[in-house]
K.L.:
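Could you have a look at this structure, given as structure tokens, before my questions?
For clarity, every value in this text was computed on a predicted model and none was experimentally measured.
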Amino acid sequence: MTVALMWEARARPGRGEELLAWVRAQPLAGAPARRETLRAPQDRVLVITWWDAAYDAELPELPEPEEGLVTRAVHRWRFESADDDRQGE
């Protein structure tokens with residue numbers, strides 16, 4: 001099964017590049033099958049990691065950034081792959 005972990009934070013105004021650099025420098029305790037970093041307006045940064053694991057497996061996640069860097073607590077979501085859905089029905 002493939003599990004995707006999503007991590008999203010919003011930087012304080014004008015600190016989006018700093019948050020992006022901070023995220024890129026954060027190691028994970030394991031190696032995901034894939035890791036992608038994205039950004040959006042309003043200095044938001046999103047990291048998605050894909051793991052070959054069960055949905056409820058203990059997986060390494062990115063930490064909370066220092067308090068002064070973000071406007072709110074990090075949002076986190078967990079999804080499982082739906083690729084096993086039957087096609088063409």
K.L.:
Quick check: do Pro63 and Gln26 have side-chain heavy atoms less than 4.5 Å from each other?
P.N.:
yes

K.L.:
Do Glu18 and Leu20 come within less than 4.5 Å of each other through their side chains, counting heavy atoms only?
P.N.:
no

K.L.:
Begin from the C-alpha positions of Trp22 and Val45 and carry the test side-chain contact (heavy atoms from CB on, under 4.5 Å) through to its verdict.
P.N.:
CA-CA 10 Å; Trp22 180 88; Val45 175; over 6 Å; no

K.L.:
Is the backbone N or O of Ala33 less than 3.5 Å from a side-chain atom of Asp52, with the two atoms forming a donor-acceptor pair by type?
P.N.:
no

K.L.:
In the structure I gave you, are the side-chain heavy atoms of Pro60 and Trp51 within less than 4.5 Å of one another anywhere?
P.N.:
yes

K.L.:
Taking only Lys NZ, Arg NE, NH1 and NH2, and the carboxylate oxygens of Asp or Glu, determine whether Glu8 and Arg72 approach each other closer than 4.0 Å.
P.N.:
yes

K.L.:
Going from CG on Leu38 to CD1 on Ile48, what distance comes out if it is rounded to the nearest 0.5 angstrom?
P.N.:
5.5 Å

K.L.:
Can you measure from OG1 (Thr49) to CZ (Arg34) and round to the nearest 0.5 angstrom?
P.N.:
11.0 Å

K.L.:
If we ignore hydrogens and angles and just use 3.5 Å, is the side chain of Tyr55 paired with the main-chain N or O of Met1 as donor and acceptor?
P.N.:
no

K.L.:
Taking side chain as C-beta onward, heavy atoms only, is Arg76 less than 4.5 Å from Glu64?
P.N.:
yes

K.L.:
Rounded at 0.5 Å granularity, tell me how far CG in Asp56 sits from CD in Glu80.
P.N.:
10.0 Å

K.L.:
Atom CD of Gln42 and atom CZ of Arg39: how far apart are they, to the nearest 0.5 Å?
P.N.:
15.0 Å

K.L.:
Ignoring hydrogens, what is the shortest heavy-atom contact between Leu59 and Ala53? Give both atom names and the distance.
P.N.:
CD2-CB, 4.0 Å

K.L.:
Locate the shortest heavy-atom distance separating Pro65 from Val70; write the atom from each residue and the value.
P.N.:
CG-CG1, 3.6 Å

K.L.:
Once you round to the nearest 0.5 Å, how far does CZ of Arg35 lie from CH2 of Trp7?
P.N.:
9.5 Å

K.L.:
Find out if a path of hydrophobic residues (ILVMFWY) with successive side-chain heavy-atom gaps under 4.5 Å connects Val23 to Leu28.
P.N.:
yes

K.L.:
For side-chain contact (heavy atoms from CB on, under 4.5 Å), just list the numbers for Leu5 and Glu61, CA-CA rounded to whole Å, side-chain angles, deciding distance to a tenth of an Å, and then say yes or no.
P.N.:
CA-CA 8 Å; Leu5 301 183; Glu61 296 195 46; 3.8 Å; yes

K.L.:
Grab the two heavy atoms, one from Ala11 and one from Thr71, that are nearest each other, plus how far apart they are.
P.N.:
O-CG2, 3.4 Å

K.L.:
Determine, stepwise, if the pair Phe79 / Thr2 fulfils side-chain contact (heavy atoms from CB on, under 4.5 Å).
P.N.:
CA-CA 9 Å; Phe79 294 89; Thr2 300; over 6 Å; no

K.L.:
Could you tell me whether Arg15 and Glu17 make a salt bridge, using a distance below 4.0 angstrom between a side-chain N and a carboxylate O?
P.N.:
no

K.L.:
Between the main-chain N or O of Ala21 and the side-chain N or O of Arg24, is there a donor-acceptor pair closer than 3.5 Å?
P.N.:
no

K.L.:
Assess whether atom CZ of Arg12 is packed by more than 12 heavy atoms of other residues, nucleotides or ligands within 6.0 Å.
P.N.:
yes

K.L.:
Quick one: do Leu46 and Met6 satisfy side-chain contact (heavy atoms from CB on, under 4.5 Å)? Show the steps, please.
P.N.:
CA-CA 7 Å; Leu46 172 68; Met6 296 177 66; 3.9 Å; yes

K.L.:
Any chain of hydrophobic side-chain contacts (each under 4.5 Å) joining Val3 to Leu62?
P.N.:
yes

